[in-house]
K.L.:
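My questions will all concern the structure given below.
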Protein chains: 2
Amino acid sequence: MDPMTTPAAHAPRAPVTRKDVARYAGVSTAVVSYVVNRGPKKVAPATEAKVQDAIRVLGYRPNAAARALKLGSSETLGLVVPDISNPFFALFSHAVEDAAADLGYALVLSNSDGNLAKERRNIRNLAARQVDGVLLASVLFEPDLEVLETADIPSVLLNQERDAPGFNSIGVDLAAGARIAVQHLIGHGHTNIGLAMGTNVSDSTDGREVGWREALQEAGLPEGPIVYSAFTRPGGYLAGQRLLASVNRPTAIFATSDMQGIGLLRAIHEAGLAVPGDMAVASFDGSAESEYSWPPLTTVEQPVAVMAEAAVAALVGASRGEKPRHRIFPTQLHVRQSCGCP
Amino acid sequence: MDPMTTPAAHAPRAPVTRKDVARYAGVSTAVVSYVVNRGPKKVAPATEAKVQDAIRVLGYRPNAAARALKLGSSETLGLVVPDISNPFFALFSHAVEDAAADLGYALVLSNSDGNLAKERRNIRNLAARQVDGVLLASVLFEPDLEVLETADIPSVLLNQERDAPGFNSIGVDLAAGARIAVQHLIGHGHTNIGLAMGTNVSDSTDGREVGWREALQEAGLPEGPIVYSAFTRPGGYLAGQRLLASVNRPTAIFATSDMQGIGLLRAIHEAGLAVPGDMAVASFDGSAESEYSWPPLTTVEQPVAVMAEAAVAALVGASRGEKPRHRIFPTQLHVRQSCGCP
DNA sequence: CTAGGCTATTGACTCGAGTAGATCCCGGTG
DNA sequence: CACCGGGATCTACTCGAGTCAATAGCCTAG
């Protein structure tokens, strides 16, 4: 440390700019830029050393706002999710942040709390902040593309099963995933399989419902009871209570999210039934929580990390003029014990 | 091209600037600023109407980067957490985002993944991005304040039990919370209470360990076995296996986080024991997951929303020159069933 | 010894918005 | 009629960094 006097701890230190570095190093400001950005012109090694030194001594950090202004890019991506405290979105956010950080982008997070007006506000807000792209996990199943269009930012629709022409979108093959899970349940000998379906504002039927139905039909089984409720733990709990009380009580249930699966388990336990003995369960998402429930949930895993990377790549590609596209990823069944496997 | 047809959907529309608005409205750029910011000078109502009109027609959005450059503030806060997919931090992030949004701030999220080097990088990165403040949930229990000092940004240390002079910090009374939980367990008649302690890089003892010990001493009970492991589900699982195998197996366990509590439950279930019959459990945090485990966990709830608000307020206060301070919040015991209550 | 050809460096302009200071225009006074 | 007050508006500079065109050295070939 400097043996001389240290400056007062809380003196409002003026921010160090490129000019200060230039003066200290005895060069022009242009050279400082060239050193910092390694280009676009070369700098003599000796000069570079002087500049690096000055940067270190003064503790210079380029002002990101100035940079963003000049370059027209803030190196920032926006992520809009319904609720970050939902484990699935938390997982997703983490993966997105990782992918973005790898490419030098920062991530601005905002929650829409299942509220369309808030979702719109958030998008507009991000647009005003000059983010380079928006990743939107809409509260709607058919998001209102208008806001995105008028905001005129590259965007990716997440969790999107169907193609929205002119937009990047990313999703998983819901139907195939659900089918595989229900088939697995059928493989355990179940003939009456219920569905705890998440509610969903859309005209078209959710792929998970389709997959459930298909698997049943293929096996020549009748449709089990369906209960619609929120994609949440309480939603699953409620669905569980209803399903258990239904006239033709199923012996297995497929839940359209892990959160519902968790809620389901609670309802079943409270009814004094055993899982998977009295009631088998399988769910959808593949979150960490599903691994540590009791019993551990057999679940359809979404390739979250891969999807996040693809989403970020699509955004970065869009700013380079690439065409928007719709990508669907495959899921994978994670067999644990709630289905009846040992 | 036909001038009447709409422009090609993906024509790289040039961004609308203040100048465009000024030209369209037939005024100077200064007036546009005055209208947008409602000051610092007055504008005649008629002129204002013209400008508002132009803004609407052209779809003008002020460039946040330019604004940030000129004003030296980006209206942005940074949040650094070890891992957003940990439910506790997810919950916290949500609360922080809410509080920040209420005050017009956006939130930049970054994960440090329990990696000190990454934590430092993230902080520096945020500093370069001119965030107005940083909320830091450090991976260390005694964060290296040096980075924050040299970065010279207002900051708040989260989850901080002890006072770091010159820094804002926010935490809960860990010892008191742990004590209350252990006392509750004692109230159920347990005399051998184990501790699943999260590992913690610090010289001093974690408050939760202190609280556990105090409660035992006060009741004249001997210390039960302690197992140290990560603050995670697998950490708790491991701790559970060890505690169950220990020579003087306890009849109740206090876990220092909900995640550990969840892991504990799994280990106990796998051993074929009943909770709370054979083994009672209580944990710490109050996350949503603890409510839906089986059985639901009795846990010490942290006032996450209040703390988040206080943290954001401290940051905003700091930019106004307020003195840094250390605040400790009380916890509250949430009695559910894992402790033995009906 | 000078022209030519390099390379390293610099000066100066730019991005878009905030705002101080100058200017303009109007009605009202003396 | 000249002058002044005062509100409305405009001109011009600023923030910090990127980068191009111009320049200053300097070495070598002729």
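The shown structure was predicted, so the numbers you read here are calculated from the model rather than taken from an experiment. Excluded from the calculations below are hydrogen atoms, water molecules and symmetry mates; all remaining heavy atoms, backbone and side chain alike, are included. Letters A, B, ... are given to chains in the order of the sequence lines, protein chains preceding strands, and every chain is numbered from 1.
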K.L.:
Taking OP1 and OP2 of D:dT11, is either one under 4.0 Å from a side-chain nitrogen or oxygen of B:T29?
P.N.:
no

K.L.:
Can a side chain N or O of B:S33 be found less than 4.0 Å away from OP1 or OP2 on C:dA17?
P.N.:
no

K.L.:
Round to the nearest Å and state the distance from B:R129 atom CZ to D:dA17 atom C1'.
P.N.:
15 Å

K.L.:
Closest heavy-atom contact between A:I84 and A:F89?
P.N.:
CD1-O, 4.0 Å

K.L.:
Whole angstroms only, please: what is the CG-P distance between A:L71 and D:dT19?
P.N.:
6 Å

K.L.:
Run the numbers on B:E75 and A:R129 for side-chain contact (heavy atoms from CB on, under 4.5 Å), then give the verdict.
P.N.:
CA-CA 10 Å; B:E75 308 269 84; A:R129 284 171 185 277; 3.7 Å; yes

K.L.:
Counting only side-chain heavy atoms from C-beta out, which of C:dT9, D:dT9, C:dG18 sits nearest to B:V31?
P.N.:
D:dT9

K.L.:
Heavy-atom count around A:F329 CZ within 6.0 Å, excluding the residue itself: above 12?
P.N.:
yes

K.L.:
Of the listed nucleotides (C:dA17, D:dC10, C:dC15), which one gets closest to any side-chain atom of B:P62?
P.N.:
C:dA17

K.L.:
Base, sugar-phosphate, or nothing: which does B:V32 touch, judged by heavy atoms less than 4.0 Å apart?
P.N.:
nothing

K.L.:
Between atom CG in A:L69 and atom C1' in D:dG18, what is the gap in whole Å?
P.N.:
10 Å

K.L.:
Could you say whether A:R18 or A:K41 is positioned toward the 5' end of DNA chain C, judged by the nucleotide with the nearest heavy atom to each?
P.N.:
A:K41

K.L.:
Taking OP1 and OP2 of C:dG16, is either one under 4.0 Å from a side-chain nitrogen or oxygen of B:R67?
P.N.:
no

K.L.:
For the side chain of B:Y34, counting heavy atoms from C-beta on, which of C:dT19, C:dT9, D:dC20 is nearest?
P.N.:
C:dT19

K.L.:
Grab the NZ-P distance between A:K19 and C:dT10 for me, whole Å please.
P.N.:
15 Å

K.L.:
Under 4.0 angstrom, heavy atoms only, what part of the nucleic acid is B:V36 near: base, sugar-phosphate, or nothing?
P.N.:
nothing

K.L.:
Just how far, in rounded Å, is C1' of C:dC13 from NZ of A:K70?
P.N.:
8 Å

K.L.:
Would you indicate, yes or no, if C:dA17 has its OP1 or OP2 atom less than 4.0 angstrom from a side-chain nitrogen or oxygen of B:Y60?
P.N.:
yes

K.L.:
Rounded to whole Å, how long is the line connecting atom CG of A:D20 with atom C1' of D:dA17?
P.N.:
13 Å

K.L.:
Specify the closest pair of heavy atoms between A:S112 and A:K118, including all atoms of both residues, with the distance to one decimal.
P.N.:
O-CB, 3.7 Å

K.L.:
Taking the minimum atom-to-atom distance to the side chain of B:N63, which one of C:dA17, C:dT10, D:dC10 wins?
P.N.:
C:dA17

K.L.:
Looking at every non-hydrogen atom in both residues, tell me the closest pair between A:R61 and B:A128 and how far apart they are.
P.N.:
NH1-CB, 4.3 Å

K.L.:
Between B:A66 and B:A44, which is nearer to the 5' end of DNA chain D once each is assigned its nearest nucleotide?
P.N.:
B:A44

K.L.:
Can you check whether B:N37 has a side-chain N or O nearer than 4.0 Å to OP1 or OP2 of C:dA17?
P.N.:
no

